[in-house]
S.K.: 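Shown below is the structure under consideration.
Treat the numbers as computed from the prediction; the structure is a model and nothing was measured. Proteins come first, then strands; the chains are lettered A, B, ... in the order of their sequence lines, and each starts at number 1.
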Amino acid sequence: MKNVIKNIVLDAAGLAFKKGLLTSSVIPDMEIEAPRHENHGDFSTNFAMVSASVQKMAPRKIAEALLSSIEDPERIIERAEIAGPGFINFFLAPKAWYPFIKIIHQQDEEFGKSDIGQGKKVQVEFVSANPTGPLHIGHGRGAAVGDAVGNILAFSGFDVQKEYYINDSGRQIRTLGRSVWLRICQLIGRESEFPEDCYQGDYIRDIAKELNQLMGSEYLALTCKSQDKQTDVGQLNKTDLEPTVKMGEYLLGKPEAEAVDICAKYAADKILQGIKDDLVDFGVEFDRWFSEQSLYDSGRVQDAITEFQSKGVIYEKDGALWFKTESFGDEKDRVVVRNNGLTTYFASDIAYHTEKFNRGFDRVIDVWGADHHGYINRINASIEASGRKREQFNVILVQLVNLLRGGQPVAMSTRSGEFVTLKEIVDEVGKDAARFIFLSRSYDSGLDFDLEVAKQQTSENPVYYVQYVHARIAGIVTKAFEQGILSDPADISTVSNSLQTLQLLVEPEELKLIKILASFPEVVEKSAFVLHPHIIFTYLMSLASAFHGYYNRHKVINEHQELTLARLCLVSSVKKVIYNALKLLGVSAPERM
RNA sequence: GUGCCCGUAGCUCAGUUGGAUAGAGCGUCGGACUUCGAAUCCGCAGGUCACAGGUUCGAAUCCUGUCGGGCAUACCA
């Protein structure tokens with residue numbers, strides 16, 4: 001609709017110039033927007049104000065010239081007026097809006113979809129938590145944001161791939177192995193200290209216990225099974241592993257380094273599997289799980305370093321290799337290979353991001369916790385150094401989540417291993433409530449997540465407010481069938497074709513509802529453009545509010561047959577849009593609650 | 001010290017490519033169910049948009065500075 005108005009304005013400007021009412025045919029960037037206040041019309045443009053300097057005329061004079069040249073054969077515009085410093089406000093005729101109901105019924109689950117992405121390949125990488133422990137609430141927010149952004153972009157015509165980067169290489173994995181190994185040692189009665197830098201959580205004990213009890217044959221079965229996975233749980237010298245020997249005893253007979261290695265691989269695989277399960281329960285599915293180790297195995301890390309060396313952006317100093325990130329806007333240069341010969345994480349990150357673009361993505365989006373913001377500059381540097389444009393890479397920084405219970409902060413400490421996991425949260429409050437709350441606020445702001453509020457089935461909890469609309473409408477439609485008003489589900493969409501019937505929808509609340517419905521595609525587009533899913537949340541709240549207000553004031557099923565049909569048609573289009581919007585956020589739309 | 005994010009109603013936050021009288025939820029108080037689902041609605045009250053300058057027809061929005069909060073500042077991962 002916005003575009004329709006824009007074209008009318010552009011045509012009018014051209015005509016006004018032709019008629020000599022305007023002095024210039026130049027049209028500056030103008031805006032068509034839906035004003036905040038209803039008495040400012042359905043749409044408003046600042047055309048006259050932004051044109052003042054090129055036209056060398058007063059804004060109001062320009063507005064008058066424009067209005068006198070407007071052609072509107074369809075009579076979409078009921079009236080237009082000049083207001084304030086030179087705004088032109090358009091009030092649309094009701095009949096301009098009714099066709100949207102038809103469009104919604106026709107397009108159904110496609111309504112809101114667009115092609116602004118033009119099929120461009122976009123990768124959204126998110127969560128990517130180290131497989132050294134279960135996901136916690138912060139990962140949950142990142143998961144909800146990344147998943148929703150991916151959905152919104154896909155709905156907007158991008159070819160989206162969702163990816164999880166597994167940090168399955170390096171020291172934290174060895175630490176993981178050591179942690180499990182030491183717990184096994186404790187289990188089998190061998191005195192050993194448990195250092196502070198090891199993972200303290202109880203899940204380490206559980207894994208240790210499990211691995212310790214595993215028979216050789218069971219272990220072999222597990223490793224075989226995981227061979228087809230992308231994560232490498234490791235090659236084991238299988239020849240000397242007795243099927244009937246417990247793994248604990250077996251490991252005891254091995255050199256410690258090897259035992260730690262086996263523990264690391266077993267634990268990482270186990271934890272990763274847990275992460276995958278938790279994400280599935282949270283409604284998040286990735287297209288690809290990408291292993292950091294694979295970058296080393298395939299030589300891509302070395303290739304990336306060599307490539308940058310040949311481009312002259314990597315140099316040697318103090319026995320280490322440095323990437324000239326400072327010349328790309330970073331505070332200082334960064335080490336990629338330490339003087340002990342080991343690569344830093346940055347090295348594999350460079351290789352990974354190079355690899356992403358080599359896979360053909362036009363655009364790469366990373367979702368990170370806000371505590372990683374210091375890495376933006378250096379990854380940007382690597383993107384530019386590899387010949388890509390900085391605009392092709394976006395980082396979404398997700399601020400921290402404060403977990404509360406009844407207003408009181410829930411103590412969490414990674415060091416002691418005492419933290420509430422995502423799984424516990426999903427188990428307690430449900431996937432829908434958790435996701436909806438995660439997406440309720442801009443990820444630029446910290447978020448208070450109160451478990452008690454998230455559990456409440458009251459108006460304090462926004463997810464029910466919106467889902468209730470969907471269920472309520474489902475209830476109304478069911479009722480209409482029971483009363484014989486409808487005999488076939490197709491009846492409703494048949495009505496949507498009848499402008500004559502829809503014209504019975506004259507209540508202000510009805511027109512307001514239709515206008516909100518009609519704006520959904522623009523809302524999705526904006527959300528995709530700024531990569532902010534909470535815009536969909538805000539939209540859902542206003543749509544739900546408009547519906548509830550309407551419902552409490554007017555009867556959908558009433559004594560007038562045709563009006564009833566028109567209203568059923570309207571509310572079922574509300575239901576469809578609620579469904580589509582919730583789906584973008586990964587929240588279900590129940591028929592009954 | 002430096003960099004990034006934030007500062008809007010009592011609380012939690014929308015408002016972000018600059019627009020007109022700054023919005024919503026919660027909380028307070030008062031109303032609405034023998035009628036389609038009250039997990040709902042209606043009404044009242046609540047503001048120096050942290051502060052001070054600047055940019056212009058116009059600033060919560062952009063720029064500079066100050067104050068306050070969070071995060072980050074490794075040849076750690």
S.K.: Where along residues 536-544 of chain A does a heavy atom fall under 4.0 Å from RNA chain B?
M.R.: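 Going residue by residue through residues 536-544 of chain A, the ones with a heavy atom under 4.0 Å of RNA chain B turn out to be Thr538(A).
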S.K.: Among residues at least two apart in sequence or on other chains, which ones pass side chain to side chain donor-acceptor pair (under 3.5 Å) with Glu384(A)?
M.R.: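 Counting only residues at least two positions away or on another chain, Glu384(A) forms a side chain to side chain donor-acceptor pair (under 3.5 Å) with Arg390(A).
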S.K.: Enumerate the residue pairs fulfilling salt bridge (charged side-chain N to carboxylate O under 4.0 Å, His left out) with a member in residues 533-555 of chain A, sequence neighbours excluded, ordered by first and then second residue.
M.R.: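 Pairs touching residues 533-555 of chain A that pass the test: Glu509(A)-Arg553(A).
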S.K.: Who are the side-chain contact (heavy atoms from CB on, under 4.5 Å) partners of Leu10(A), not counting sequence neighbours?
M.R.: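 Leu10(A) satisfies side-chain contact (heavy atoms from CB on, under 4.5 Å) with Lys6(A), Asn7(A), Ile27(A), Met30(A) only.
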S.K.: Under 4.0 Å, heavy atom to any atom of RNA chain B: which of residues 471-482 of chain A qualify?
M.R.: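 Within residues 471-482 of chain A, the residues near RNA chain B are Ala471(A), Arg472(A), Gly475(A), Ile476(A), Lys479(A).
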S.K.: Tell me whether the side-chain N/O atoms of Tyr468(A) come closer than 4.0 Å to OP1 or OP2 in A39(B).
M.R.: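 For A39(B), OP1 or OP2 has a side-chain N or O of Tyr468(A) closer than 4.0 Å.
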S.K.: Any salt bridge (charged side-chain N to carboxylate O under 4.0 Å, His left out) involving residues 125-135 of chain A? Give me the pairs, sequence neighbours left out, ordered by first then second residue.
M.R.: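 Counting only pairs at least two positions apart or across chains, the salt bridge (charged side-chain N to carboxylate O under 4.0 Å, His left out) contacts touching residues 125-135 of chain A are Glu125(A)-Lys356(A).
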S.K.: Filter on ring-ring contact (aromatic ring centres under 6.0 Å, His included), then keep only pairs touching residues 521-545 of chain A, sequence neighbours left out; what's left?
M.R.: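 Passing the test, one end in residues 521-545 of chain A: Phe436(A)-Phe537(A), Tyr443(A)-His532(A), Phe520(A)-Tyr539(A), His532(A)-His534(A).
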S.K.: Identify the stems formed by RNA chain B, where each pair is Watson-Crick or G-U wobble with both distances under 3.5 angstrom and a stem is at least 3 consecutive pairs.
M.R.: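 Output for stems: B:1-7 with B:67-73, B:10-13 with B:23-26, B:29-32 with B:40-43, B:50-54 with B:62-66.
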S.K.: Quick test of your reading: applying salt bridge (charged side-chain N to carboxylate O under 4.0 Å, His left out), list the pairs with at least one residue in residues 313-329 of chain A, sequence neighbours left out, ordered by first then second residue.
M.R.: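 Sorted result for residues 313-329 of chain A: empty, none.
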S.K.: Could you work out, with side-chain contact (heavy atoms from CB on, under 4.5 Å) as the rule, every residue matching Asn89(A), not counting sequence neighbours?
M.R.: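 Here the qualifying residues are His40(A), Ser44(A), Glu81(A), Ala83(A), Phe87(A), Phe91(A).
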S.K.: Can you tell me if the side-chain N/O atoms of Tyr551(A) get under 4.0 Å from OP1 or OP2 in A38(B)?
M.R.: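 The answer is yes; a side-chain N or O of Tyr551(A) sits under 4.0 Å from OP1 or OP2.
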S.K.: Which one, A14(B), U40(B), A20(B), comes nearest to the side chain of Asn552(A)?
M.R.: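 In terms of side-chain proximity for Asn552(A), the closest of A14(B), U40(B), A20(B) is U40(B).
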S.K.: What string of B, S and - do you get for nucleotides 67-76 of chain B, 5' to 3', when a contact is any protein heavy atom under 4.0 Å?
M.R.: ----BSS-BB
S.K.: By side-chain contact (heavy atoms from CB on, under 4.5 Å), which residues pair with Lys575(A), not counting sequence neighbours?
M.R.: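 Here the qualifying residues are His470(A), Ile473(A), Ala474(A), Glu591(A).
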